[in-house]
Amino acid sequence: SIAVPNEIKYVSTISFIGNAKIHDADLRSIIKLQAPMFFNRSKFSHKKLNKDKIALQAYYRSKGFLEVDIITEFNANNENYINIKYFINEGNQYRLRDLIISGNKLFTENEILSKLDHTSINQYYNPVQIRKKLQLLKRDYLINGKVDISIMDEIVIDTENVIARI
């Protein structure tokens, strides 16, 4: 059944289906909606459910699952309680195989690699972390008077690896 808009509903159970590489406990720590514990109950809302789905997708992507797909399903198990299911297709988990730097004139390749934390090579690819580090790199160019700096990046994906060109 479907939740009636003006009734307060609470979360009863949360299930993760299809998550082979990331444990339920790790996923539960990411979401705001929680199953009841002691005297704590989460109020259910479509908005919270959608935010949790987005948070789970972002978490998976930060762990190298670039093609993760999550479908949510919920139903009422009685008048006031909702069961939530997350159907997760993790897809492949990608590692950063190489960082290729080109076009730089102000900093050496080693300086740029150290700013981008080249130790992340052979680690799971985290696009959010790379973008943050590119922003810091851009700031370093601006501090050095390069006001019209443009940093472009692209990734090349094969079966299990990512190559980032910057």
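Since the structure is predicted, the reported quantities are computational estimates derived from the model, not experimental observations. We're numbering straight along the sequence, starting at 1.
The minimum heavy-atom distance between S45 and L33, with the atom names listed, is O-CD1, 4.5 Å. Of all non-hydrogen atoms in T159 and N92, the two that sit nearest each other are O-ND2, 3.4 Å.
Applying the ring pair (Phe, Tyr, Trp, His ring centres under 6.0 Å) criterion to Y125, with sequence neighbours excluded, gives no partner residue. Not counting sequence neighbours, the partners of F87 by the side-chain contact (heavy atoms from CB on, under 4.5 Å) test are I17, I71, E73, K85. Scanning for side-chain contact (heavy atoms from CB on, under 4.5 Å) contacts around I157 gives L66, Y94, I155, V162, with sequence neighbours left out. Residues satisfying the ring pair (Phe, Tyr, Trp, His ring centres under 6.0 Å) test with Y86, not counting sequence neighbours, are F16. Residues that satisfy the ring pair (Phe, Tyr, Trp, His ring centres under 6.0 Å) test with Y81, not counting sequence neighbours, are absent from this structure. Applying the side-chain contact (heavy atoms from CB on, under 4.5 Å) test to T13 and every residue at least two apart in sequence or in another chain returns N83.
Applying the salt bridge (Lys or Arg N to Asp or Glu O under 4.0 Å) test to every pair with at least one member in residues 33-54, sequence neighbours left out, gives no pairs at all. Residue pairs that meet the side-chain hydrogen bond (donor to acceptor under 3.5 Å, both in side chains) test with at least one member in residues 21-32, sequence neighbours left out, are N19-D24. Pairs of residues two or more places apart, or lying in two chains, that qualify as side-chain hydrogen bond (donor to acceptor under 3.5 Å, both in side chains) and include a residue from residues 55-66 are Y60-E90. Among residue pairs with one or both ends in residues 157-166, those qualifying as salt bridge (Lys or Arg N to Asp or Glu O under 4.0 Å) are R97-D158, E154-R165; sequence neighbours excluded.
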Would you mind writing out the side-chain donor-acceptor pairs for residues 98-107 within the sub-3.5 Å range, not counting sequence neighbours?
residue	atom	partner	partner atom	Å
N104	ND2	F107	O	2.7

Per-pair distances, 0.1 Å, donor-acceptor, side chain in residues 131-143, under 3.5 Å, sequence neighbours excluded:
residue	atom	partner	partner atom	Å
R131	NH1	D153	OD1	2.9
R131	NH1	D153	OD2	2.6
K133	NZ	D117	OD2	3.0
D140	OD2	K115	NZ	2.9

TODO: Quick one: do I14 and I31 satisfy side chain to side chain contact (heavy atoms under 4.5 Å, CB included)? Show the steps, please.
DONE: CA-CA 10 Å; I14 297 176; I31 59 177; 3.9 Å; yes

